[in-house]
Amino acid sequence: MDDKRSILVEKIKSAIIELVHYTDDQIKVNLSDYLSEQLNHDYTYMANLFSEVKGTTIEKFYLTHKIERVKELIVYDELNLSEIAYKMHYSSVAHLSNQFKKYTGLTPSHFKKLKHKRRDTLEDV
């Protein structure tokens, strides 16, 4: 029983990671419907199982991965914040900035400055 539960939790994690990090398409349904369709399980069951096993909600896991992807895109420095917000399917730059600050304690622009500051320091060594 535990093995099947662990496998399902890993499948949930993989589906979210795939969605956030490797798919540019925006899902046409909400996350709960998407996961139910992908994994052929009731979302409430998956959400309860995930929380029990991982100690966090599916939603928090999803948002944490979105923010990590945004950090990656900021560090790559190929896209501006508007382009990142669009790519990551945020309704606006303000929404992205608010969520980023909530999860990291920093604004995206402050995070970007820190990245440049660290890079300069490393080059000076």
Side-chain angles (χ1 to χ4, degrees):
M1 180 67 176
D2 265 3
D3 205 34
K4 285 181 181 177
R5 290 161 45 104
S6 297
I7 290 168
L8 181 55
V9 167
E10 288 306 312
K11 284 182 178 179
I12 294 166
K13 287 170 51 180
S14 293
I16 290 171
I17 290 167
E18 176 74 26
L19 177 65
V20 172
H21 295 277
Y22 304 108
T23 307
D24 282 337
D25 299 335
Q26 184 171 5
I27 55 176
K28 304 286 187 250
V29 293
N30 61 28
L31 182 64
S32 57
D33 291 339
Y34 174 79
L35 290 173
S36 292
E37 288 170 16
Q38 290 292 308
L39 303 175
N40 205 19
H41 280 280
D42 175 65
Y43 181 77
T44 304
Y45 170 74
M46 290 191 295
N48 289 335
L49 175 65
F50 193 88
S51 296
E52 183 184 315
V53 173
K54 300 305 293 175
T56 189
T57 64
I58 289 175
E59 183 73 14
K60 279 190 178 155
F61 183 83
Y62 173 66
L63 291 175
T64 299
H65 274 275
K66 272 186 86 167
I67 295 302
E68 287 305 311
R69 181 71 176 125
V70 169
K71 285 182 187 175
E72 234 175 76
L73 293 169
I74 290 170
V75 169
Y76 289 160
D77 210 16
E78 294 171 359
L79 303 173
N80 66 37
L81 211 49
S82 295
E83 292 166 327
I84 292 171
Y86 178 78
K87 180 179 180 67
M88 295 305 297
H89 312 294
Y90 281 94
S91 56
S92 66
V93 173
H95 181 216
L96 164 61
S97 296
N98 287 338
Q99 201 167 71
F100 192 90
K101 185 160 186 169
K102 181 179 171 187
Y103 274 78
T104 66
L106 303 168
T107 64
S109 52
H110 190 231
F111 177 80
K112 191 172 190 166
K113 284 178 191 156
L114 288 177
K115 177 209 60 143
H116 288 305
K117 193 175 225 174
R118 262 183 300 199
R119 183 180 289 159
D120 292 341
T121 307
L122 290 175
E123 289 170 356
D124 292 341
V125 171

key: For T23, side-chain contact (heavy atoms from CB on, under 4.5 Å) partners two or more places apart   =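 Partners of T23 by the side-chain contact (heavy atoms from CB on, under 4.5 Å) criterion, ordered by chain and then number, come out as E18, D25.
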inquiry  = List the residues meeting side-chain contact (heavy atoms from CB on, under 4.5 Å) with N40, not counting sequence neighbours, and say none if there are none.
reply    =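 Expected list: none.
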message = Test side chain to side chain contact (heavy atoms under 4.5 Å, CB included) on D77 and K112; report intermediate values, then the result.
response = CA-CA 9 Å; D77 210 16; K112 191 172 190 166; 2.9 Å; yes
If you look only at distance, which donor and acceptor atoms sit under 3.5 Å apart when one is on a side chain in residues 66-74 and the other is two or more places apart or in another chain?
unit_1: K66; atom_1: NZ; unit_2: M88; atom_2: O; d: 3.2
unit_1: E68; atom_1: OE2; unit_2: K71; atom_2: NZ; d: 2.9
unit_1: R69; atom_1: NH1; unit_2: E72; atom_2: OE1; d: 2.8

For residues 8-15, run the donor-acceptor check on the side chains, cut-off 3.5 Å, and write out each pair with its distance to 0.1 Å, sequence neighbours left out.
unit_1: E10; atom_1: OE2; unit_2: K13; atom_2: NZ; d: 3.3
unit_1: S14; atom_1: OG; unit_2: E10; atom_2: O; d: 3.0

ask   = Quick one: do Y22 and I16 end up in the same hydrophobic cluster if we chain Ile, Leu, Val, Met, Phe, Trp and Tyr together by side-chain heavy atoms under 4.5 Å apart?
value =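 Same cluster: Y22 reaches I16 through Ile, Leu, Val, Met, Phe, Trp or Tyr contacts under 4.5 Å.
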Partners meeting salt bridge (charged side-chain N to carboxylate O under 4.0 Å, His left out) with E78 (sequence neighbours left out) =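 Here no residue qualifies.
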task = Taking the side chain as every heavy atom from C-beta outward, state whether Y90 and I84 have any atom pair closer than 4.5 Å.
result =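 Result no, sub-4.5 Å side-chain heavy-atom pair not found.
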ask   = Any side-chain heavy atom of L19 sitting closer than 4.5 Å to one from Y34?
value =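 When only atoms from C-beta onward are counted, Y34 and L19 do touch, with a gap below 4.5 Å.
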Look up atom [atom1] in [X] and atom [atom2] in [Y], then write down how far apart they are to the nearest 0.5 Å.
{"X": "F50", "Y": "K60", "atom1": "CZ", "atom2": "NZ", "value": "12.0 Å"}
{"X": "N98", "Y": "K101", "atom1": "CG", "atom2": "NZ", "value": "9.0 Å"}
{"X": "E59", "Y": "N30", "atom1": "CD", "atom2": "CG", "value": "9.5 Å"}
{"X": "Y43", "Y": "L31", "atom1": "OH", "atom2": "CG", "value": "5.5 Å"}
{"X": "T56", "Y": "F61", "atom1": "OG1", "atom2": "CZ", "value": "9.0 Å"}
{"X": "L63", "Y": "Q99", "atom1": "CG", "atom2": "CD", "value": "4.5 Å"}

key: Sequence neighbours excluded, every pair satisfying salt bridge (charged side-chain N to carboxylate O under 4.0 Å, His left out) that has a member inside residues 35-50   =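 Checked against salt bridge (charged side-chain N to carboxylate O under 4.0 Å, His left out) - neighbours excluded - no pair reaches residues 35-50.
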request  = Would you sort out whether Y62 and V20 count as a side chain to side chain contact (heavy atoms under 4.5 Å, CB included), showing the intermediate values?
outcome  = CA-CA 8 Å; Y62 173 66; V20 172; 3.6 Å; yes
request  = Please report the shortest heavy-atom distance between T64 and Y103, naming the atom on each side.
outcome  =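 For T64 and Y103, the tightest heavy-atom pair comes out as OG1-CE2, 3.6 Å.
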ask   = Taking it one step at a time, do L81 and S97 satisfy side chain to side chain contact (heavy atoms under 4.5 Å, CB included)?
value = CA-CA 9 Å; L81 211 49; S97 296; 4.0 Å; yes
